[in-house]
Amino acid sequence: MNGSRLVATGHYQPAKVLTNDDLAAMVDTSDEWITRRVGIRTRHVAADGESVADLATHAAAKALAGSGLEPSEIDLVLIATCTQTERAPNVASHVAGRLGVPEAALMDVGVSCSGFTHALAQADHAIRAGAATNALVVGADKMTAVTDWTDRTTCVLTGDGAGAAVVSAVSAAEEPGIGPVVWGSAPELGTAVRIEGTPTRFSQDGQSVYRWATTRLPELARRACERGGVRPEELAAVVLHQANLRIIEPIAQKLGAVNAIVARDVVESGNTSAASVPLALAKLLERGEVAKGAPMLLFGFGGNLSYAGMIVRCP
């Protein structure tokens, strides 16, 4: 195969919205403190009975509808998540069953916040290898289910949601729309972000994550641009993991993407882990803010202190 391209995207967020003022009534915090420290103003919270598979299915259904493909034409389903509660069946199996995808390969990708871009690269690789033709790639997480609502340093961060993309093979005459991935990790710092314990709870060493992200990642983002044949100033959009405005803005500035729209969905959605990149991307495209064919940098990073990024052309 010659490569793959992004065909369509979709997103979903639960109806319930939790504001900073709502949080201030629960823990010792304030709207001013949260906004100044992380830039978040609101986040969406899934209902108790709303599962990761539910979130993923809603987003995937929108992406599939936008692609014009039938469920039977999807031969690979990849779900990036770190908050699924079941070991088996996996989330991909639930999503495929609900959408009527009959015989696809079904895999969950557990790389936390960089899970979607890892999964997108895997879909591209599978298509290039001839193992798939049309892939459904979803990032979905229910971070509020693993949130300690008494810990003001972490409960202000998390939100729930899902974003999805359909990726298809390009013909021999077409240019690929998904560039080579730059991915890796800093395993010596892997315990800086944790989802563990009984009950399972999210925690992190925020300073370690901040230092790593703002010092190491701009160069890696530039490398993704180089591998994709695009200069930073040519980017139309930069969609980073929506961790914290104090991380997003320095990376974008150091990258030199002076003409790009920088996704700031974290302000209204919080940190949705594997959902954050596709959620922010789908919203940008839904609003028509990026021209067809324009280059975008998608770059996920976070848990495991892992990263994955690539240039993607707007569908």
Are [Y] and [X] connected into the same hydrophobic cluster when the rule is that any two of I, L, V, M, F, W, Y join if their side-chain heavy atoms are below 4.5 Å apart?
{"X": "Met296", "Y": "Val182", "value": "no"}
{"X": "Phe301", "Y": "Leu297", "value": "yes"}
{"X": "Val137", "Y": "Val111", "value": "no"}
{"X": "Leu76", "Y": "Phe116", "value": "no"}
{"X": "Ile34", "Y": "Ile248", "value": "yes"}

How many angstroms lie between [atom1] in [X] and [atom2] in [Y], if you round to the nearest 0.5 Å?
{"X": "Ile251", "Y": "Thr214", "atom1": "CD1", "atom2": "OG1", "answer": "7.0 Å"}
{"X": "Thr191", "Y": "Gln204", "atom1": "OG1", "atom2": "CD", "answer": "12.0 Å"}
{"X": "Leu240", "Y": "Leu217", "atom1": "CG", "atom2": "CG", "answer": "8.5 Å"}
{"X": "Asp31", "Y": "Asn20", "atom1": "CG", "atom2": "CG", "answer": "4.5 Å"}
{"X": "Thr144", "Y": "His44", "atom1": "OG1", "atom2": "NE2", "answer": "12.0 Å"}
{"X": "Glu73", "Y": "Ser168", "atom1": "CD", "atom2": "OG", "answer": "8.5 Å"}

Exercise for the section: Answer yes or no: is there an ion pair linking Glu226 with Arg223, defined by an N-O contact shorter than 4.0 Å? Expected result: no

Does [Y] offer a backbone N or O that forms a donor-acceptor pair with the side chain of [X] under 3.5 Å?
{"X": "Thr83", "Y": "Lys142", "value": "yes"}
{"X": "Asn271", "Y": "Gly159", "value": "no"}
{"X": "Asp160", "Y": "Ala46", "value": "yes"}
{"X": "Glu174", "Y": "Ser171", "value": "yes"}
{"X": "Asn259", "Y": "Ala236", "value": "no"}
{"X": "Asp141", "Y": "Thr81", "value": "no"}
{"X": "Asp75", "Y": "Thr133", "value": "yes"}
{"X": "Thr215", "Y": "Arg211", "value": "yes"}
{"X": "Asp151", "Y": "Thr153", "value": "yes"}
{"X": "Gln242", "Y": "Val266", "value": "yes"}

Heavy-atom pair of closest approach, residues [X] and [Y]:
{"X": "Ile40", "Y": "Gly270", "value": "CD1-CA, 3.8 Å"}
{"X": "Ile74", "Y": "Ala104", "value": "O-CB, 3.6 Å"}
{"X": "Ala96", "Y": "Val77", "value": "CB-CG2, 4.5 Å"}
{"X": "Val45", "Y": "Pro14", "value": "O-CB, 3.5 Å"}
{"X": "Val230", "Y": "Ile311", "value": "CG2-CG2, 4.0 Å"}
{"X": "Asn304", "Y": "Ser185", "value": "O-CB, 4.3 Å"}

[Y] and [X], any side-chain heavy atoms less than 4.5 Å apart:
{"X": "Val193", "Y": "Val209", "answer": "yes"}
{"X": "Leu281", "Y": "Leu6", "answer": "yes"}
{"X": "Met107", "Y": "Val91", "answer": "no"}
{"X": "Leu120", "Y": "Leu298", "answer": "yes"}
{"X": "Val267", "Y": "Leu245", "answer": "yes"}
{"X": "Glu249", "Y": "Val262", "answer": "no"}
{"X": "Leu220", "Y": "Phe299", "answer": "yes"}
{"X": "Met143", "Y": "Phe202", "answer": "yes"}

Completion exercise
When Leu18, Asp148, Leu23, Thr150 are each screened for side chain to side chain contact (heavy atoms under 4.5 Å, CB included) with Cys155, the one that passes is Leu23

Problem - Worked check of side-chain contact (heavy atoms from CB on, under 4.5 Å) between Glu196 and Arg201 - result: CA-CA 6 Å; Glu196 60 186 9; Arg201 290 291 178 258; over 6 Å; no

Quick one about [Y] and [X] (side-chain donor to acceptor, distance below 3.5 Å, no hydrogens or angles considered), yes or no?
{"X": "Thr147", "Y": "Thr158", "answer": "yes"}
{"X": "Ser269", "Y": "Gln13", "answer": "yes"}
{"X": "Arg152", "Y": "Thr29", "answer": "no"}
{"X": "Ser114", "Y": "Ser306", "answer": "yes"}

Practice task
Give the C-alpha distance, both sets of side-chain angles, the deciding distance and a yes or no for side-chain contact (heavy atoms from CB on, under 4.5 Å) between Trp212 and Tyr307.
Solution key: CA-CA 11 Å; Trp212 173 76; Tyr307 59 86; 4.0 Å; yes

Tell me whether the count of non-hydrogen atoms from other residues, nucleotides or ligands lying under 6.0 Å of [atom1] in [X] goes above 12.
{"X": "Glu175", "atom1": "CD", "result": "no"}
{"X": "Arg87", "atom1": "CZ", "result": "no"}
{"X": "Glu233", "atom1": "CD", "result": "yes"}
{"X": "Arg194", "atom1": "CZ", "result": "yes"}

Under 3.5 Å, side-chain donor or acceptor atoms of residues 54-67 against the rest of the protein: list the pairs with distances, not counting sequence neighbours.
| from | atom 1 | to | atom 2 | distance (Å) |
| --- | --- | --- | --- | --- |
| Asp54 | OD1 | Arg98 | NH1 | 2.6 |
| Asp54 | OD2 | Ser51 | N | 2.8 |
| Asp54 | OD2 | Ser51 | OG | 3.2 |
| Thr57 | OG1 | Ala53 | O | 2.7 |
| Lys62 | NZ | His11 | O | 3.0 |
| Ser67 | OG | Leu64 | O | 2.7 |
| Ser67 | OG | Leu69 | N | 3.1 |

Exercise for the section: Under the side-chain contact (heavy atoms from CB on, under 4.5 Å) rule, what do Lys283 and Val239 come out as? Steps first, then yes or no, please. Expected result: CA-CA 11 Å; Lys283 289 183 179 182; Val239 185; over 6 Å; no

Exercise for the section: With side chain to side chain donor-acceptor pair (under 3.5 Å) as the test, would you mind laying out the steps for Thr19 and Asp22 before giving the verdict? Expected result: CA-CA 5 Å; Thr19 68; Asp22 293 332; 3.1 Å; yes

Practice task
Evaluate side-chain contact (heavy atoms from CB on, under 4.5 Å) for Ile178 paired with Met310, printing each intermediate quantity in order.
Solution key: CA-CA 7 Å; Ile178 297 178; Met310 70 284 285; 4.2 Å; yes

Handout entry: Cation over ring face, Arg246 and Tyr210, 6.0 Å, 45°
Key = yes

Exercise for the section: Tell me, please, which residues at least two apart from Arg222 pass side chain to side chain contact (heavy atoms under 4.5 Å, CB included). Expected result: Pro218, Glu219, Pro232, Leu255

